[in-house]
Amino acid sequence: MTDNPRSIAERARDVPPGDGQERFAGYGVMGQPFASGHYLALRHFPASSVGAGYDAVWHRDPAGSWVIYSSNPPETSCARYFGSDLAAARTAEITVTWAGPSTFTARVDESLVWELELGRSVATAAMTGLGRLMPEALWRSDGVLSAMGRAAGPALGVGRVKLTGTTPNGQWFRANPRMLWTVERSRASIDGVDIGPPGPLPQQARLGDFWLPQRGMFVVGESYFEAYDATRHQPARRSG
């Protein structure tokens, strides 16, 4: 079976099992900082327990304001958890087009164009190998995920990492990054203007307890969130 980012990513289509949790499966760029102060992230979730699958692109401008663009309305996409820290949440036409086994382009309404090429490092290969061997029970353990996050930060050179914590909207989250690749090349333009070369931000960005990496990382895996009570506009407070 072909083992490259595209083939593996495109097989991540099933909603993971779980009860009393909101669940997503797919792939994405956990984040890519740019030396200009811009920051981009991508989520491609063909499977979701709260609605149709969707694509989302997160953008932070140099002033620190976040906007999440999503192909689904905010109530069934990323803004469901991160909305209170955003300047805006907008529904948009988003396409993700693979040009090869390790290269793809994300577009938002033709105004934002983001080209990426993926690679592998010793650290991402080791963490992917570990992820394949870990029993499912360990992926559900907050203690194990906390330890993984502490180890991943320095190993990957991405700054602080938290795989479990609380979102800006108050729900707990649990991230299961099963397979990882580095972003080797990244180029983006907004309204036809190139936003410059990749580079770490002077201060690492975060949304709630979710810290955005200080270098580009591509991940295939699942995410779990506390169930959200839309009628009360607050977490349902079920156990994770």
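As a basis for the values below, the full set of heavy atoms in this structure was taken, side chains included, without hydrogen atoms, waters or symmetry mates.
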If we only count heavy atoms from C-beta on, is the [X] to [Y] side-chain gap below 4.5 Å?
X	Y	value
T182	R120	no
R215	V183	no
T105	T95	no
I94	V57	yes
W66	L86	yes

Under 3.5 Å donor-acceptor, [X] side chain and [Y] backbone:
X	Y	answer
S65	D61	no
N169	R80	yes
E115	S186	no
D55	F45	no
D209	T166	yes
S111	V108	yes
T128	L180	yes

Step-by-step side-chain contact (heavy atoms from CB on, under 4.5 Å) determination, R132 to M179: CA-CA 8 Å; R132 285 172 164 163; M179 302 180 186; 3.6 Å; yes
Taking all non-hydrogen atoms of both residues, which atom of [X] and which atom of [Y] are closest, and how far apart?
X	Y	value
P5	L118	CB-CD1, 3.6 Å
P74	T91	CD-OG1, 3.9 Å
A52	N72	O-ND2, 2.9 Å
P177	A175	CD-O, 3.3 Å
Y54	S70	CD1-OG, 3.5 Å
D109	A92	OD2-CB, 3.3 Å

Hydrophobic clusters here meaning ILVMFWY residues chained together by side-chain heavy-atom distances under 4.5 Å, can you tell me if [X] and [Y] are in one?
X	Y	value
F173	V144	yes
L207	Y39	yes
V113	V67	no
V15	V219	no
L40	L42	yes

Evaluation steps, side-chain contact (heavy atoms from CB on, under 4.5 Å), between R150 and V161: CA-CA 6 Å; R150 289 193 296 271; V161 174; over 6 Å; no
Residue from R43, R23, R140, R178 passing salt bridge (charged side-chain N to carboxylate O under 4.0 Å, His left out) with E222: R178
Supply the atom-to-atom distance [X] [atom1] to [Y] [atom2], rounded to the nearest 0.5 angstrom.
X	Y	atom1	atom2	answer
L212	R206	CG	CZ	11.0 Å
L156	Q214	CG	CD	13.0 Å
S121	W181	OG	CH2	11.5 Å
K162	S146	NZ	OG	6.5 Å

F24/F225 aromatic ring centres below 6.0 Å: yes
Between W58 and F82, ring centroids under 6.0 Å: yes
Polar side chain donor-acceptor pair, D194 to S189, under 3.5 angstrom: no
E226 versus Y81, side-chain donor and acceptor atoms under 3.5 Å: no
Salt-bridge present (E93, R107; N to O < 4.0 Å): no
Residues T164, W172; criterion side-chain hydrogen bond (donor to acceptor under 3.5 Å, both in side chains); working and verdict: CA-CA 7 Å; T164 183; W172 58 256; over 6 Å; no
Sequence neighbours left out, cut at 3.5 Å: what donor-acceptor pairs do the side chains of residues 25-38 make with other protein atoms?
unit_1, atom_1, unit_2, atom_2, d
Y27, OH, W98, NE1, 3.1
S36, OG, I195, O, 2.6
H38, ND1, H59, NE2, 2.9

Test: R174 cationic atom under 6.0 Å from W139 six-membered ring centre, within 45° of axis: no
Plane angle bin for F104 and F218 - parallel if under 30°, tilted between 30 and 60°, otherwise perpendicular: tilted
Flag if over 12 foreign heavy atoms under 6.0 Å of CD, Q203: no
Neighbour count above 12 (heavy atom, 6.0 Å) for R6 CZ: yes
